[in-house]
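When a residue number appears, it is its place in the shown sequence, counting from 1.
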Amino acid sequence: MSKRPDGRKVDEMRDIEAKVGVIEEADGSAMFRIGNTIAVAGVYGPKKVVPRHLEDPEKAILKCYYDMYSFSVPERKRPGPDRRSIELSMVIKNALAPAIFLKEYPKTQIEVFVSIIQADAGTRCAAISAAAMALADAGIAMKDMVAAVAAGHVNGEVVIDLNKEEEDIEGTSDIPMAYMPRTKKITLLQLDGKLPNDKLKAVMELGTKSCEAVYEVEKKALKEKYTPAESE
Ligand code: CDP
């Protein structure tokens with residue numbers, strides 16, 4: 001079995017760290033780090049819709065904003081929204097919406113802001129995992145959590161959680177995936193590059209298995225905040 005650039009096994013994710021409650025002023029917040037990719041999410045709401053005529057009498061409006069800091073990448077990124085961040089904001093919203101009981105909060109909006117403070121590939125997935133924990137931290141009613149990680153096909157092998165160095169290898173394909181672990185539903189599946197048909201099953205299996213592992217990290221981080229410390 002060929003070694004990956006950073007020496008990981010094909011089914012091995014990078015080191016993961018998660019923390020819930022990292023922004024004092026937000027209704028809910030979380031940090032999710034996978035290798036050198038770090039996402040921080042803040043949730044505000046449910047709150048009044050401004051302007052009011054945009055409110056939905058049936059359900060809450062979910063708004064997501066993905067932002068990559070200028071200093072998060074080796075080549076300084078121009079600050080502010082661009083085509084990529086607008087697309088990723090939509091992708092993240094679509095990955096989170098199925099997990100939220102939006103009908104519990106008619107005529108309101110829930111705002112999710114995710115900042116990538118350091119990027120080494122896999123930022124949309126890190127953003128989704130951070131945002132899902134922040135939504136739970138905000139006390140928003142959810143039918144499930146959402147956990148995300150990118151699978152891929154590098155040098156003829158199905159691998160999990162590509163870093164930037166692997167993403168840049170000629171012929172690599174990147175397959176970001178988001179998954180609701182309780183209902184076992186996929187809420188994001190993208191393919192950047194080409195994937196041989198006979199590899200799809202292995203990609204899906206490795207992707208969902210790894211999302212389940214990310215879910216365990218999310219649960220642990222939530223419990224760390226909400227389980228009262230044992231009194232002595
Ligand atoms: O981050 P993700 O894999 O979800 O999305 P991507 O658009 O495929 O970007 C892959 C990686 O390219 C990012 O995670 C960054 O490491 C890098 N990138 C960069 O260096 N400069 C940019 N302006 C955009 C992305």
Side-chain angles (χ1 to χ4, degrees), residues 18-23 25-34 37-51 54-56 58-70 72 77 79-119 121-150 176-181 183 185-190 192 211 214-215 218 221-222:
K19 190 167 167 40
V20 172
V22 294
I23 306 168
E25 300 300 331
D27 293 319
S29 60
M31 182 280 301
F32 185 89
R33 178 182 69 78
I34 184 158
T37 292
I38 307 174
V40 176
V43 168
Y44 296 80
K47 57 193 238 188
K48 264 204 241 160
V49 179
V50 186
L54 292 179
E55 68 183 28
D56 185 333
E58 304 284 329
K59 59 181 194 310
I61 301 168
L62 180 65
K63 291 182 176 167
C64 290
Y65 305 91
Y66 165 101
D67 177 40
M68 200 157 90
Y69 279 11
S70 295
S72 66
K77 183 204 160 280
D82 52 21
R83 248 180 67 142
R84 178 176 174 274
S85 69
I86 293 165
E87 186 206 323
L88 292 196
S89 299
M90 184 201 73
V91 158
I92 292 164
K93 179 185 137 172
N94 291 344
L96 295 169
I100 307 171
F101 283 112
L102 293 170
K103 288 192 174 154
E104 290 282 316
Y105 311 104
K107 299 185 184 172
T108 68
Q109 62 180 4
I110 299 168
E111 292 183 306
V112 180
F113 295 89
V114 193
S115 291
I116 303 302
I117 54 179
Q118 204 169 272
T123 64
R124 78 195 64 197
C125 291
I128 291 165
S129 300
M133 288 188 289
L135 283 162
D137 184 37
I140 310 262
M142 292 167 80
K143 45 190 109 156
D144 209 336
M145 275 299 277
V146 187
V149 68
M177 200 184 285
Y179 181 68
M180 298 200 293
T183 45
K185 287 194 173 140
I186 290 169
T187 62
L188 165 74
L189 185 63
Q190 292 182 290
D192 185 10
C211 285
V214 169
Y215 171 53
E218 293 178 352
L222 282 158

I'd like to know whether [atom1] of [X] has more than 12 heavy-atom contacts from other residues, nucleotides or ligands below 6.0 angstrom.
X: Lys143; atom1: NZ; value: yes
X: Tyr69; atom1: OH; value: no
X: Lys59; atom1: NZ; value: no
X: Lys103; atom1: NZ; value: no

Within the side chain of [X], is there an N or O that forms a donor-acceptor pair under 3.5 Å with the backbone of [Y]?
X: Asp27; Y: Ala138; answer: no
X: Asp144; Y: Thr183; answer: yes
X: Thr187; Y: Ala95; answer: yes
X: Lys77; Y: Gly80; answer: yes
X: Tyr44; Y: Gln109; answer: no

Is any side-chain heavy atom of [X] closer than 4.5 Å to a side-chain heavy atom of [Y]?
X: Met145; Y: Leu222; value: yes
X: Ile116; Y: Ile38; value: no
X: Phe32; Y: Val214; value: yes
X: Met68; Y: Ser85; value: no
X: Asp137; Y: Val43; value: no
X: Thr108; Y: Glu55; value: no
X: Ile61; Y: Lys63; value: yes
X: Leu102; Y: Ile110; value: yes

Could you give the distance from [atom1] ([X]) to [atom2] ([Y]), rounded to the nearest 0.5 Å?
X: Cys64; Y: Ile92; atom1: SG; atom2: CD1; answer: 7.0 Å
X: Lys107; Y: Asp56; atom1: NZ; atom2: CG; answer: 10.5 Å
X: Gln118; Y: Ser72; atom1: CD; atom2: OG; answer: 8.5 Å
X: Ser129; Y: Met133; atom1: OG; atom2: CE; answer: 6.5 Å
X: Leu96; Y: Ile140; atom1: CG; atom2: CD1; answer: 11.0 Å
X: Ser115; Y: Met31; atom1: OG; atom2: CE; answer: 13.5 Å

Which atom of [X] lies closest to which atom of [Y], heavy atoms considered:
X: Cys125; Y: Pro176; result: SG-CB, 3.7 Å
X: Val146; Y: Ala99; result: CG2-CB, 3.5 Å
X: Gly42; Y: Ile23; result: CA-CD1, 4.0 Å
X: Ala136; Y: Met142; result: N-SD, 3.7 Å

Checklist entry - Salt bridge or not for Glu111 and Lys47, using N-O below 4.0 Å? => result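 Looking at Glu111 and Lys47, the cut-off is met.
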Item to check | Derivation of the side-chain contact (heavy atoms from CB on, under 4.5 Å) call for Asp67 and Val114 | outcome: CA-CA 6 Å; Asp67 177 40; Val114 193; over 6 Å; no
Checklist entry - For Ser29 and Val20, what are the C-alpha separation, side-chain angles and deciding distance, and is it a side-chain contact (heavy atoms from CB on, under 4.5 Å)? => result CA-CA 6 Å; Ser29 60; Val20 172; over 6 Å; no
Item to check | Residues Thr123 and Tyr66: side-chain donor-acceptor under 3.5 angstrom | outcome: yes
Item to check | Donor + acceptor pair across side chains of Gln190, Arg124 (<3.5 Å) | outcome: yes
Checklist entry - What do the steps show when you test Ile86 against Met90 for side-chain contact (heavy atoms from CB on, under 4.5 Å), and what is the final call? => result CA-CA 6 Å; Ile86 293 165; Met90 184 201 73; over 6 Å; no
Next on the checklist: Between Tyr179 and Val149, does the side-chain contact (heavy atoms from CB on, under 4.5 Å) criterion hold? Intermediate values first, please.
Outcome noted: CA-CA 9 Å; Tyr179 181 68; Val149 68; over 6 Å; no
